[in-house]
Amino acid sequence: MHTLMNGVNGKPHLHTHHREQQQHLNAMNDRIDHSFGADVFTQRVMQQRLPKDVFKKLQRTMQHGDTLDPALADVVAAAMKDWAIERGCTHYTHWFQPLTGLTAEKHDAFFTPDGQGGALSEFTGSALVQGEPDASSFPSGGIRATFEARGYTAWDCTSPVFINRDAGSATLCIPTAFVAWTGEALDLKTPLLRSMEAVSEQAVRVLKIFGADSGVTRVIATAGVEQEYFLVDRSQYMDRPDLLACDRTLFGARPPKGQQLEDHYFGSIPTRVLGFMNEVERELYRLGVPVKTRHNEVAPGQFELAPLFETANIAADHQMLTMETLKRVATRHGMHCILHEKPFAGINGSGKHLNWSIATNTGVNLLDPRDDTHTNMQFLVFLCAVLRAVDVHADLLRASVASAANDHRLGANEAPPAIMSVFLGDMLSDIVSQLESGNPKSTMKGGRLDLGARTLPQIPRHTGDRNRTSPFAFTGNKFEFRAVGSSNNVAWPAAVLNTIVADSLDHVATLLEKELGGTSDPAKLEKGVKKVLQAVVKQHKRVIFDGDGYTKQWHDDAKKRGLPNFKESVIALQQMGSKKNIDVFKKFGVLSKAEVEAREHILLEKYIKQVLIEAETAVLMAQTHVLPSALRQQTELAEATAATEAADVDAGPTRAHLEQYAGLVNRLRAVVKKLEDATDFHTDDVQKHAEQVRDKVRPAMGELRKAVDDLEQRTARDLWPFPTYREMLTIK
């Protein structure tokens, strides 16, 4: 039974990816401290500046979840203030993430007049721990009325304080939660932190069944978030009203060369882009973000950045900093960074892969299968709990990535489909099949690959391939949630994932406790685990799919299996408020019924507003840019036709061209009117309004796009009012 307990019962050990991560983080901290000048109030800085007893108490709060002692706050605040002022800070802010999906901040000065012509620096413990921004203008989904303005920010001491430098100023940024006067969450950090507590509690419960030692007190949700993005020349961006207002192009004919040759992916990074990437990484290092990977992505003008794993709430904070840094630095390099999921039609859009795992506070990754996986019952319990979570809560997982922007991407041949399924790979799929029979007996081995040349080494071969079409794929020692959109705040899907896994761990732990009756006998433990997992697999194996998620056959098969397929966001978001989903959030203290319903309302309202902004922008562009240009082209064609006929030359082809073009102009006028009529709809029912936008506005926008793109392909370039795809998709 040693393999059942390995890494938890007995001497804990740090697995390879954790060890490599720590080495990289240590090296990064050295670079920050010695090369760049620290802009993060790291544990190393705290240890140097705080009294020993204060540092130890704060460390216990940060690492073990102990309650924050208010008596520490004044001491920590004083040290933090001195450190910040030494680095040029004049202001501080509580940096939070309201339900806009972005970040928010209100700056306060460290210095106050002393009444004698000078100034005093001031920053108290209470100012560090709690702030009071006006909550009336942030989305609340009905939790707060407009006249009810009081809200609170509360310091998340587990996420490092950092200095934001921009426009010659330096501001101390304190990551905080944001709640209403009533205590209800008005942000994305609060439910994420609550969900991390929930998954920790249930995971520790499972580990105790396996005899975890007393050193294992917490389980930590970890995340590593890949970020895809586009770069366009800023001068071209400024000439596109749709990019300015919507961060995506509403019109644009496909260029002759897009991504057909597959020559951009992993290609040599353009010099200008490499300079941009270097500065982005330098700034992110200063902010403590452990960036690791950079490369060209599939579409022309598309790139990717990826960090190492971190604690989930820190990873979410760092992800927001990454997006803000990409935007800010791009401007300095004469470019604009586009984070929209589908900025250009006809080529791949952008995602944000959420790599998720859970690890003990002693450094053991609970999703590491290790050798002889079929004997590692502890791992298989966590694996099967995740399978159950995705199956039972597929609707909620799909809703967590729903947005108007992501609708353009999910289900296309560039992103996973909207059907939530799990890819396990050959080895784990085989073991799960053995579990279903009740007695797993073997683990597939990968072997080695002989590449056929003496100068090339034989390389280890994994036991299974990877699957880029799966929305939720096991990738060695973690799961990769690939359906997240590139502009999403990752805190929300991470909170959902933690919550549904906590629910499944609770379910499995309850079955195991009932089956074992408190015994610690290894033989009975193994027998009980196999019995419980056999039942879980039989009930939830339908969610496992290792094939091509793009095929019609899979969609037909998924329907037969009873898997939900919410192809667009309106119907997906409407699942959030179901009794099942409200109950799971309430059960684990992540969100109340009112908080869940508020988020459904806010997300539907955001969907409506985003599409209507796009629709109004499209109408404006068509009427004030495209139509005048098209009429000038039509006039030139008419004059050419008249001149040709006056010269007594056959003008038949020229007149036919004119008539065809005039027909396109008339069609443009008609579809503009159709879109205007579609947007002329008013109701206080947010669900009905969202359905109207989906069913009427978006199709009308599609018709208008087709009309404009047809005109673009027949209009002289010197008359066309916007930079074209051919021009924008080439970064020089």
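Reckoned from all heavy atoms, side chains included, excluding hydrogens, waters and symmetry mates.
A side-chain donor-acceptor contact under 3.5 Å links N376 to the backbone of F379. Using a distance-only test at 3.5 Å, with no hydrogens or angles considered, no donor-acceptor pair links the side chain of S350 to the main chain of E341. Using modelled atom types, one side-chain atom of T551 and one backbone atom of W554 make a donor-acceptor pair closer than 3.5 Å. E568 places a side-chain N or O within donor-acceptor distance of the main-chain N or O of V570, the cut-off being under 3.5 Å. In terms of modelled atom types and a separation under 3.5 Å, the side chain of N355 and the main chain of G224 share a donor-acceptor contact. Within the 3.5 Å criterion, the main-chain N or O of A572 finds no donor-acceptor partner in the side chain of S569. Between the side chain of D430 and the backbone N or O of D426, no donor-acceptor pair lies under 3.5 Å. Here the side chain of Q319 pairs no donor or acceptor atom with the backbone of V490 at under 3.5 angstrom. For the pair D548 (side chain) and Y550 (backbone), a donor-acceptor distance under 3.5 Å is present. Not one N or O on the side chain of R482 forms a donor-acceptor pair closer than 3.5 Å with the backbone of H353.
Other residues, nucleotides and ligands contribute more than 12 heavy atoms inside 6.0 Å of the CD atom of Q713. Within 6.0 Å of the NZ atom in K580, the count of heavy atoms belonging to other residues, nucleotides or ligands exceeds 12.
E310 and H318 share a donor-acceptor pair across their side chains, judged by distance under 3.5 Å alone. Side chains of Q259 and Q302: no donor on one and acceptor on the other come within 3.5 Å. Inspection of the N365 and S357 side chains reveals an N or O donor paired with an N or O acceptor under 3.5 Å. Between H336 and D247, the side chains place a donor N or O and an acceptor N or O closer than 3.5 Å (distance only, hydrogens not considered). Side-chain contact annotation: Q574 with Q687, donor-acceptor N/O pair under 3.5 Å present. Between the side chains of K530 and N439, at least one donor N or O sits under 3.5 Å from an acceptor N or O.
Atoms CG and OG, from N406 and S486 in turn, are 7.5 Å apart once rounded to the nearest 0.5 Å. For the atom pair CG of L505 and CD1 of I358, the computed distance is 6.0 Å after rounding to the nearest 0.5 Å. Atoms CG and CG, from N581 and L591 in turn, are 11.0 Å apart once rounded to the nearest 0.5 Å. Taken from CD1 in I571 to CD in Q575, the straight-line distance is 5.0 Å, to the nearest 0.5 Å. Interatomic distance, OG1 of T311 versus CG of L192, reported as 10.5 Å (0.5 Å rounding). Note that CD of E480 is 9.0 Å distant from OG of S470, once rounded to the nearest 0.5 Å.
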Checklist entry - Checking side-chain contact (heavy atoms from CB on, under 4.5 Å) for the pair V536/H540: CA distance, chi angles, key distance, verdict? => result CA-CA 6 Å; V536 171; H540 302 290; 4.0 Å; yes
Next on the checklist: R248 vs F230, test: side-chain contact (heavy atoms from CB on, under 4.5 Å). Steps then yes/no.
Outcome noted: CA-CA 10 Å; R248 82 174 180 103; F230 279 85; over 6 Å; no
Item to check | Audit row: D395, R398, side-chain contact (heavy atoms from CB on, under 4.5 Å) steps and yes/no | outcome: CA-CA 5 Å; D395 56 343; R398 168 66 180 93; 5.8 Å; no
Item to check | side-chain contact (heavy atoms from CB on, under 4.5 Å) evaluation trace for L704 with V671 | outcome: CA-CA 5 Å; L704 178 55; V671 293; 3.7 Å; yes
Checklist entry - After noting the C-alpha distance and the side-chain angles of K352 and E228, does the key distance pass the salt bridge (Lys or Arg N to Asp or Glu O under 4.0 Å) rule? => result CA-CA 6 Å; K352 178 181 293 179; E228 296 174 348; over 6 Å; no
Item to check | Intermediate values then yes/no, salt bridge (Lys or Arg N to Asp or Glu O under 4.0 Å), D556 and K560 | outcome: CA-CA 6 Å; D556 293 341; K560 292 177 183 176; over 6 Å; no
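Using the six-membered ring where Trp is involved, W492 and F585 have ring planes that are parallel, under 30° apart on the 30 and 60° scheme. By the 30° and 60° cut-offs, the orientation of the rings of Y725 relative to F344 is perpendicular. Between H295 and Y265, the ring planes are perpendicular. Angles over 60° get that label, and only those under 30° would be called parallel. Between F303 and H264, the ring planes are perpendicular. Angles over 60° get that label, and only those under 30° would be called parallel.
Between T222 and W356 the shortest side-chain heavy-atom distance does not fall below 4.5 Å. Looking at heavy atoms from C-beta onward, I544 lies in side-chain contact with S429 at the 4.5 angstrom threshold. Side-chain contact between M320 and M323 is present, with at least one heavy-atom pair separated by less than 4.5 Å. Using a 4.5 Å heavy-atom threshold, the side chains of K327 and L339 count as touching. Put simply, the side chain of L305 reaches to within 4.5 Å of the side chain of L284, judged on heavy atoms. Between P290 and F309, the closest side-chain pair of non-hydrogen atoms is not below 4.5 Å. Between L383 and V432, the closest side-chain pair of non-hydrogen atoms falls below 4.5 Å. Two residues are said to be in side-chain contact when any heavy atoms from C-beta on lie closer than 4.5 Å; R294 and E304 fail this criterion.
Annotation for T249 and D242: closest pair CA-OD2, 3.3 Å, computed over non-hydrogen atoms. Scanning both residues, L231 and A330, for their nearest heavy atoms gives CD2-CB, 4.2 Å. What you find for R705 and L250 is that their closest heavy atoms are NH1-O, 3.2 Å. Across C384 and L435, no two heavy atoms sit closer than the pair SG-CD1, 3.9 Å. When every heavy atom of P191 is checked against every heavy atom of V590, the shortest pair comes out as O-CG1, 3.6 Å. Between S268 and N296, the closest heavy-atom pair is O-ND2, 3.4 Å.
Taking the six-membered ring for Trp, F472 and F479 have ring centres closer than 6.0 Å.
Remark: D503 engages R388, K587 in a salt bridge (charged side-chain N to carboxylate O under 4.0 Å, His left out) (not counting sequence neighbours).
A salt bridge does not link K478 to D368: none of the charged side-chain nitrogens sits closer than 4.0 Å to a carboxylate oxygen.
The one candidate from K342, R698, K567 that meets the salt bridge (Lys or Arg N to Asp or Glu O under 4.0 Å) condition with D407 is R698.
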